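Quick notes on the structure that follows.
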Amino acid sequence: MKKKFYITTAIAYVNDLPHLGHAYEAVAADTLARYKRLKGYEVFFLTGTDEHGSKIIRVAKEKNITPAQLVDKMVIRFQDLWKKLDISYDDFIRTTEVRHTGVVSKIFKRLYQQGDIYKGTYKGWYCIPCESFWLESQLKEGRLCPECDREVKKIEEEAYLFRLSRYEKPLLKYFKDHPRFVLPSSRKNEAVEFIKGGLKDISVTRLKLDWGIPCPIEENHSIYVWIDALINYISALGYDSDEGKFSSFWPADVHLIGKDILRFHAILWPAFLMALEIELPRMVFVHGFWKIKGEKMSKSKGIVVSPEEIIKEYGTDRLRYFLLREVPFGGDANFSPSLFIKRVNSDLANDLGNLLNRTIPLVIRHCQGKVPRFFEEEKVLKEKIQEVLIQVEQAMNILSFSEALSGIWKIVKLANLYIDRRAPWQLAKKESKQKQLHTVLYNLLETLRILGILLFPFIPGSAQKIWTQLGIEENIENYLLDKGTVWGQLKSGIKVKQEPPLFPRIGKEAKK
Ligand code: MSP
């Protein structure tokens, strides 16, 4: 039986269009999902949309439409973007689907019946844009939300509360026993410090909203949107309906989230799971935030970058590559057109693109367009590939995409150096050097074949196109990384294809 791997992204709010941060998370999760599939895992990759809550109500009102109309319209924009970004999700859950709302309602009832949820009063502060409750002591000066710096609203209302305080000690113990539960460790420390500061019971209902899952205990309350949202990770897996599927994929191997929603995933969600006696996820990986030219994204200030526009102008894989390569995963990142163009021109046009654009025409010119016979393997290339395979595996285990790519680029650079040194165009001039010429070209083509597999998780469309140019008709996704990267599998005699350059250089260097 295949080993299983369950990966999730946060489910996005659909009150606004998808932005670069959403694209980033989806691309990162997709890359890991593709990598694990190539490593032989049966992967379940879940993403979706968070469609309830007061944010949605507010925006729908502004647009003069119903919340249902708003979410139905917006979800399409997310799904369209995922398609354009080549996101290979296995399921897309919407929190308005019955398969989800039913589970949320049932879980709520059970926790109420077992005493983990009780009726009381919630007194405190609420940030509508973040859908977060805050204590007075947590607010920033001027009574601002510590997450988004916006004004918070004082709330005192009858509510149902979850006994989060009950899980303070069990959570601390869990963190101690599972040092890799939250990564990077700076985020783990942040969560642990928060718990040590004392956990208060948390409101899990709001007084009836017209748009939310009704509280099953009392009609005039709605379930708090965060409780609703977190449960997607198990409702989509068939918790309480498809025991076989649920038990084969749960616990999640990775919940991929941004740093602003750490508390919900590292404290509230595990406490909820403990109350339900469900095993905790193996890892919550917290990525950093993208800023635009050094500033926080803000629609009102016009600081936004539309992933659609970048894809339209530069293509999916340039965007995927940039997002994954530019910064160590986990840290914050900065987007500017000049950084983007510089990076993709240097790595994709100059290094990778040139390697392919130099090799294929030589094969066409000097080998009748066919993969030449294999005479002798080039040890330096083969050994570099072996070394990089280990580096990639280690990097991917800790979601270090930039590290994995920088490893792969060691092969690309070495292969370019190999062409320069061996100068096949010179060898082609002498009849006596034919064997050497064929050897050099075979080694380059074989390196490109292996690069296709290694690059597939990161830039799937382009990796497949590399194979097409090599004359290989199979789909890379049907391969296994470990077997496929064994040297010497490219068949002599197959016809290569010259196609337009994969990554033509972007001309106008940096629109600043
Ligand atoms: N709906 C909640 C998540 C519920 S998960 C059970 C939510 N939605 S969101 O649309 O605001 O954010 C979705 C994901 O995008 C989150 O992981 C968030 O951290 C991430 N990002 C939002 N802005 C971002 C950047 N500027 N940069 C990188 N990621 C960002 O939170």
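We count ligands from 1, going down the list as the structure has it; atoms in each ligand are counted the same way. The structure displayed is predicted, hence computed values, not measured ones. Quick note: numbers below take in every heavy atom, side chains included, and nothing from hydrogens, waters or symmetry partners. One is the number of the first residue; the rest follow in order along the sequence.
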[atom]: the protein heavy-atom neighbour that sits closest, reported with distance to 0.1 Å:
atom	result
atom 31 (O) of ligand 1	Ile261 CG2, 3.6 Å
atom 8 (N) of ligand 1	Tyr13 CD1, 3.3 Å
atom 12 (O) of ligand 1	His22 NE2, 3.9 Å
atom 26 (N) of ligand 1	Trp290 O, 3.2 Å
atom 16 (C) of ligand 1	Glu25 OE1, 3.5 Å
atom 19 (O) of ligand 1	Asp260 OD1, 2.5 Å

Please determine whether any non-hydrogen atom of [X] lies less than 4.0 Å from an atom of ligand 1.
X	answer
His265	yes
Trp269	no
Ala333	no

Flag the pair [X] and [Y] as a salt bridge only when some basic side-chain nitrogen lies within less than 4.0 angstrom of an acidic carboxylate oxygen.
X	Y	result
Glu190	Arg263	no
Lys119	Glu158	yes
Arg282	Asp253	yes
Arg318	Glu313	no
Arg77	Asp16	no
Lys84	Asp80	no
Asp210	Lys61	no

Exercise. So do the side chains of Tyr167 and Phe162 get within less than 4.5 Å of each other, counting heavy atoms only?
Worked result: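 The answer is yes; the side chains approach within 4.5 Å.
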
Per-atom contacts, ligand 1 versus [X] - under 4.0 Å to a heavy atom:
X	result
Met297	26 (N)
Ala229	6 (C)
Trp226	2 (C), 3 (C), 4 (C), 5 (S), 6 (C)
Ile257	17 (O)
Ala12	8 (N), 10 (O)
Gly21	24 (C), 25 (C), 27 (N), 28 (C), 29 (N), 30 (C)

Pick one of side chain, backbone, both or neither for how [X] approaches ligand 1, counting any non-hydrogen atom pair under 4.0 Å.
X	result
His19	side chain
Phe264	neither
His287	side chain

Any N or O of [X] closer than 3.5 Å to N or O of ligand 1:
X	value
Tyr233	no
Ile11	yes
Gly258	yes

Exercise. Does Lys106 NZ have over 12 foreign heavy atoms under 6.0 Å away?
Worked result: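 Counting neighbours around NZ of Lys106, 12 or fewer heavy atoms of other residues, nucleotides or ligands fall under 6.0 Å, so no.
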
For this session: To the nearest 0.5 Å, tell me how far Tyr314 OH sits from Glu309 CD.
Result: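 Rounded to the nearest 0.5 Å, the OH-CD separation comes out at 10.5 Å.
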
Problem set entry | Under 3.5 Å side-chain donor-acceptor pair for Ser462 and Arg320 |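 Per modelled atom types, Ser462 and Arg320 side chains form no pair under 3.5 Å.
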
For this session: Consider only side-chain N and O atoms of Glu131 and Ser54, and report whether a donor and an acceptor are under 3.5 Å apart.
Result: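 Yes, Ser54 and Glu131 have a side-chain donor paired with an acceptor closer than 3.5 Å.
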
Exercise. Which option out of Asp50, Val304, Thr9, Thr49 puts a heavy atom nearest to atom 1 (N) of ligand 1?
Worked result: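 Checking each option, the heavy atom nearest atom 1 (N) of ligand 1 is found in Asp50.
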
Problem set entry | Aromatic ring proximity Phe133/Tyr224, centre distance under 6.0 Å |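 So the answer is yes for these two rings.
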
